[in-house]
Amino acid sequence: MARLRTAILISGRGSNMQALVDAAADPAYPAEIVRVISNVPGAGGLERAAQAGITTTAIDHRDFDGRAPFEDALHAELTEAGVELVCLAGFMRLLTEGFVERWFDRMLNIHPSLLPAYKGLHTHERVLSEGVRFTGCTVHFVRPAMDAGPIIVQASVPVLPADDADSLAARVLTAEHRCYPHALRLVAEGRTSIVDETVIIEGAGGPAGITLNPDDGIL
Ligand code: GRF
């Protein structure tokens, strides 16, 4: 079966991108990574992607007069590469409603919290300052509102008494690296459908397959 042609958009180090690239290195994985694009020319993730043999492109948003022309260039690059699905992985530009509509149900994002809690930046600092006992990560379809959209996969992560933002971020990141390849697999296999803005996973009768916690026995 043809693998789903997937692009990853990054702005930074690209560890989630690397997790997706590593998963897709298996020819049996249902998605292939055909482009890695960054809005930050020196982003470390571009070098990592190039080392994995993936075509990379830098499209510097500062070269454009506003969001729409930047997004037009991004869209043109994605279209030219025959991309079918976009994965945002630490992509730090807000996307306009127009761009989101063009990739509606064809764009995923990963966020380091259990959405809809803790949207936006500095999630771990806020989690710690409010004393919550669990946080986690979420992979979801992208909608125009920031960090909103139908949830595909989540994992919960405990907040430990000795945590600071760095230690908590590291623990959540480990979960992110498991969740994103799993979510992309579900989408690329055509097992996800969206009903009333919630995701139904074909073949997942219960929570197994959509929550990635240690006792789920999935990975
Ligand atoms: C991750 O925590 C991701 O959830 C958030 O930005 C961070 C990106 O890290 N959106 P990396 O570039 O994937 O290492």
Side-chain angles (χ1 to χ4, degrees), residues 6-25 31 33 35-52 54 56-61 74 85-95 99-100 103 107-128 132 134-159 163-187 210-213:
T6 302
I8 307 174
L9 306 191
I10 63 169
S11 299
R13 67 190 163 186
S15 71
N16 278 290
M17 174 217 74
Q18 186 77 58
L20 295 175
V21 165
D22 289 348
I33 311 304
R35 275 285 191 294
V36 171
I37 303 173
S38 177
N39 66 310
V40 178
L46 287 175
E47 178 62 31
R48 297 171 81 163
Q51 278 171 9
I54 293 165
T56 64
T57 314
I59 303 177
D60 190 340
H61 61 275
L74 196 54
L85 186 86
V86 174
C87 289
L88 307 180
F91 184 69
M92 301 305 284
R93 297 293 294 170
L94 289 176
L95 295 166
F99 187 85
V100 173
W103 291 91
M107 184 156 59
L108 314 186
N109 181 44
I110 187 158
H111 184 74
S113 77
L114 289 174
L115 290 174
Y118 299 104
K119 297 177 179 177
L121 297 174
H122 309 301
T123 53
H124 309 303
E125 286 86 348
R126 287 186 285 142
V127 159
L128 287 168
V132 303
F134 284 94
T135 182
C137 62
T138 304
V139 182
H140 63 97
F141 286 101
V142 174
R143 294 294 184 257
M146 182 187 64
D147 297 325
I151 291 166
I152 305 164
V153 169
Q154 291 187 310
S156 64
V157 169
V159 181
D163 271 333
D164 59 18
D166 287 344
S167 64
L168 185 55
R171 192 174 311 117
V172 171
L173 198 62
T174 303
E176 293 183 46
H177 296 163
R178 298 169 63 223
C179 279
Y180 217 166
H182 184 63
L184 176 56
R185 170 187 288 282
L186 292 172
V187 172
I210 53 176
T211 61
L212 291 189
N213 284 320

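First listed ligand is number 1; within each ligand, the first listed atom is number 1.
- Protein heavy atom in closest approach to atom 12 (O) of ligand 1: G14 N, 2.9 Å.
- A donor-acceptor pair under 3.5 Å is formed between the side chain of R126 and the backbone N or O of K119.
- Listed for the T123 side chain is no donor-acceptor partner under 3.5 Å among the backbone atoms of Y118.
- Judged by the shortest distance from any of its heavy atoms, I110 lies inside the 4.0 Å radius around the atoms of ligand 1.
- Ranking the protein heavy atoms by distance from atom 9 (O) of ligand 1 puts R13 NH2, 3.2 Å first.
- The closest protein non-hydrogen atom to atom 3 (C) of ligand 1 is E176 OE1, 3.2 Å.
- In terms of modelled atom types and a separation under 3.5 Å, the side chain of T138 and the main chain of S113 share a donor-acceptor contact.
- Counting only non-hydrogen atoms, the option in G90, P112, S15, G12 that gets closest to atom 11 (P) of ligand 1 is S15.
- Here the CG-OH distance, from L88 to Y180, works out to 5.5 Å after rounding to the nearest 0.5 Å.
- R143 contributes no side-chain N or O that, together with a main-chain N or O of P150, makes up a donor-acceptor pair within less than 3.5 Å.
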